[in-house]
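Quick notes on the structure that follows.
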Amino acid sequence: MSTISIIGSGRMAAAIAGLGVKAGHTIEVIARDGAKAQTLADGLGAGATAAVFGARPAGDIVILAVPYSAVLDVVKQCGEALAGKLLIDITNPIKSNFSGFLTPEDSFGAQEIAKVAPADADIVKAFNTQNASVLAAGPVDGHPLDVFIAGDDSQAKARVSAFIESLGLRPMDTGPLFMARTLEHACMLWLGLMTHSVKHGNFSIGVNLPG
């Protein structure tokens with residue numbers, strides 16, 4: 001297995017890190033609050049370590065598990081430490097009142113991250129349509145959760161897909177990185193369902209293949 005670096009210490013970071021440790025990966029937790037990173041790493045057990053924010057991540061795959069409101073600053077602050085890395089963007093640039101998006105009308109979250117990341121970093125959108133608690137619980141009745149991905153580099157997407165499969169999840173490739181805009185809108189769909197129909201967050205959006 002491999003080393004996966006996760007920047008963030010919140011619920012999504014914990015959910016992905018927990019699955020990663022169970023799958024046999026070494027998880028490196030990085031956060032601007034070093035104490036929170038250490039606490040998360042300690043809770044994950046022997047398969048996890050904490051690292052200093054701003055240092056070059058040990059993993060070739062780096063998961064950006066911070067809110068969209070913080071992610072651009074985080075990527076800028078890490079700077080060339082992220083050069084050559086495969087960045088998994090799990091963020092959703094959605095306003096706190098769910099009334100719209102924080103990005104310019106002609107852009108989307110993953111594209112804004114690409115603008116501030118090192119030129120040789122690969123960016124793949126993934127995990128943004130999953131709820132942290134549902135993700136942490138893993139497969140239901142033997143059916144893996146679907147993780148939608150989008151990216152321009154086929155090799156990068158293949159690596160992300162292999163990582164997703166190692167977690168017991170099902171990767172679903174949606175196409176080039178511009179499809180990340182659609183995936184961010186899919187999160188808005190999830191929020192709308194949660195607010196107006198389902199009335200709780202214990203559900204996921206997936207693909208049903210009859211037969």
Side-chain angles (χ1 to χ4, degrees), residues 1-8 12-13 15-17 19-20 23-28 30 56-66 68 71-72 74-76 78-93 101 103-104 106-130 135 138-139 143-190 204-209:
M1 295 299 178
S2 56
T3 296
I4 305 295
S5 298
I6 300 178
I7 300 180
M12 282 296 290
I16 297 172
L19 293 176
H25 298 288
T26 297
I27 299 297
E28 179 186 61
I30 305 168
R56 186 164 176 81
D60 289 331
I61 294 179
V62 180
I63 301 174
L64 302 175
V66 296
Y68 180 78
V71 72
L72 299 182
V74 165
V75 173
K76 289 176 184 176
C78 290
E80 288 304 307
L82 299 179
K85 299 293 186 179
L86 197 173
L87 307 181
I88 298 180
D89 166 31
I90 76 168
T91 68
N92 284 299
F101 295 86
T103 47
D106 62 347
S107 189
F108 51 96
Q111 182 167 277
E112 293 301 303
I113 292 172
K115 290 177 181 178
V116 299
D120 61 349
D122 290 314
I123 298 177
V124 174
K125 190 81 172 186
F127 293 102
N128 75 299
T129 62
Q130 289 293 348
L135 186 63
H143 298 291
L145 298 174
D146 287 335
V147 177
F148 301 113
I149 68 173
D152 290 334
D153 186 279
S154 59
Q155 291 185 345
K157 286 196 290 185
R159 291 170 61 197
V160 173
S161 293
F163 171 63
I164 290 169
E165 287 179 337
S166 77
L167 305 183
L169 308 170
R170 184 171 68 167
M172 299 294 286
D173 188 352
T174 66
L177 190 63
F178 75 79
M179 285 296 293
R181 179 200 295 269
T182 300
L183 296 183
E184 291 164 9
H185 281 260
C187 180
M188 184 72 88
L189 169 65
W190 187 95
S204 65
I205 297 175
V207 175
N208 183 22
L209 300 174

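In this chain, residues are counted from 1 in sequence order. Nothing here was measured: the structure is a model prediction, and the numbers come from that model. Below, each value reflects all heavy atoms present in this structure, side chains not excepted, and no hydrogens, waters or symmetry copies.
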Donor-acceptor pair, [X] side chain versus [Y] backbone, under 3.5 Å?
X: K125; Y: E184; answer: no
X: D152; Y: L177; answer: yes
X: D146; Y: M172; answer: no
X: D120; Y: G84; answer: yes
X: K85; Y: V62; answer: no

Is there a side-chain contact between [X] and [Y], using heavy atoms and a 4.5 Å cut-off?
X: L135; Y: L169; answer: yes
X: I7; Y: C78; answer: yes
X: L87; Y: D122; answer: no
X: I164; Y: R170; answer: no
X: I88; Y: V160; answer: yes
X: V124; Y: F163; answer: no
X: E28; Y: I6; answer: no

Let me see the working for E80 and R56 under salt bridge (charged side-chain N to carboxylate O under 4.0 Å, His left out), right down to the final yes or no. CA-CA 8 Å; E80 288 304 307; R56 186 164 176 81; over 6 Å; no
Worked verdict on N92 versus L183 for side chain to side chain contact (heavy atoms under 4.5 Å, CB included): CA-CA 9 Å; N92 284 299; L183 296 183; over 6 Å; no
What is the minimum heavy-atom distance between A117 and V75, and which atoms define it? CA-CG1, 3.7 Å
Going by atom types alone, do H25 and T3 pair a side-chain donor with an acceptor below 3.5 Å? no
Testing the 3.5 Å rule here: is there a donor-acceptor pair between the side chains of S107 and E112? yes
Please identify which of these residues, F101, W190, F148, meets the ring pair (Phe, Tyr, Trp, His ring centres under 6.0 Å) condition with H185. F101
